[in-house]
Amino acid sequence: MFDLKKSNVEKTTLEYTVSVPKSEIESRYELTLLEVAKESDVPGFRKGSAPIDIARKNISKEKVYDKLIQKLFSDIYKDILEKDQLKPAL
């Protein structure tokens with residue numbers, strides 16, 4: 001899904017570099033667009049019922065990418081915690 005590179009910055013600090021393939025972003029973009037379309041108001045249609053082609057024209061890419069990035073960061077964070085068996089400091 002994505003490549004992780006870990007480095008120790010300090011004794012209690014880790015730094016991760018994450019590479020996400022373009023194909024992963026593209027597939028997630030389409031799924032996220034469908035989610036955003038279900039929540040969006042498109043003139044002439046009930047909320048969430050506009051055809052995806054029309055919704056795509058009325059929904060800004062920034063809105064879709066914003067949600068995509070939030071979900072992607074969450075997935076990456078969970079993956080890092082699981083792989084390295086880390087417990088976040090609260």
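Because the structure is a prediction, the values reported are computed rather than measured. Worth knowing before you read on, the calculation uses all heavy atoms, side chains too, and leaves out hydrogens, waters and symmetry mates.
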Student check: side-chain heavy atoms of Ser7 and Tyr16 closer than 4.5 Å: no
Evaluate the side-chain proximity of Asn58 to Ser40: yes if any heavy-atom separation is below 4.5 Å, no if none is. no
If you apply the rule side chain to side chain contact (heavy atoms under 4.5 Å, CB included), what do you find for Leu34 with Ile52, and how did you get there? CA-CA 7 Å; Leu34 291 171; Ile52 194 64; 3.5 Å; yes
Can you measure from [atom1] ([X]) to [atom2] ([Y]) and round to the nearest 0.5 angstrom?
| X | Y | atom1 | atom2 | value |
| --- | --- | --- | --- | --- |
| Ile54 | Ser49 | CD1 | OG | 10.0 Å |
| Ile25 | Ile69 | CD1 | CD1 | 7.5 Å |
| Ile76 | Phe2 | CD1 | CZ | 5.0 Å |
| Ile59 | Asp41 | CD1 | CG | 10.0 Å |

Determine the minimum heavy-atom distance between [X] and [Y], stating which atoms define it.
| X | Y | value |
| --- | --- | --- |
| Ala55 | Val42 | CA-CG2, 4.3 Å |
| Leu14 | Asn8 | CD2-OD1, 2.6 Å |
| Leu68 | Arg28 | CD1-C, 3.6 Å |

Output every pair passing salt bridge (charged side-chain N to carboxylate O under 4.0 Å, His left out) with a member in residues 46-64, not counting sequence neighbours, ordered by first then second residue. Glu30-Arg56
Sorted by first residue and then second, give each salt bridge (charged side-chain N to carboxylate O under 4.0 Å, His left out) pair with at least one member in residues 79-90; sequence neighbours left out.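 Every pair satisfying salt bridge (charged side-chain N to carboxylate O under 4.0 Å, His left out) with a residue in residues 79-90: Lys6-Asp84, Asp79-Lys83.
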Residues forming a ring pair (Phe, Tyr, Trp, His ring centres under 6.0 Å) with Tyr29, sequence neighbours excluded: Tyr65
Checking Phe45 now: which residues fulfil ring pair (Phe, Tyr, Trp, His ring centres under 6.0 Å) with it, not counting sequence neighbours? none
Please answer: with hydrophobic residues joined when any side-chain heavy atoms are less than 4.5 Å apart, are Leu81 and Leu72 in the same cluster?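 Yes, one cluster joins them.
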Hey, what else clusters with Val9 if you join Ile, Leu, Val, Met, Phe, Trp, Tyr whenever side-chain heavy atoms sit under 4.5 Å?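 Its cluster partners, ordered by chain and number, are none at all.
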Which residues satisfy the salt bridge (Lys or Arg N to Asp or Glu O under 4.0 Å) test with Lys38, sequence neighbours excluded?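 If we apply the salt bridge (Lys or Arg N to Asp or Glu O under 4.0 Å) test to Lys38, skipping adjacent residues, there are no hits.
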Keeping the roles fixed (side chain from Thr13, backbone from Glu10), state whether a donor-acceptor pair exists under 3.5 Å.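 No, the answer is negative, given that no donor and acceptor are paired below the 3.5 Å cut-off.
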Criterion side chain to side chain contact (heavy atoms under 4.5 Å, CB included) on Thr17 and Leu4, from CA distance to verdict: CA-CA 6 Å; Thr17 303; Leu4 295 173; over 6 Å; no
Please determine whether a side-chain nitrogen of the Lys or Arg among Glu15 and Lys5 lies less than 4.0 Å from a carboxylate oxygen of the Asp or Glu.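 So Glu15 does not pair with Lys5 through a salt bridge.
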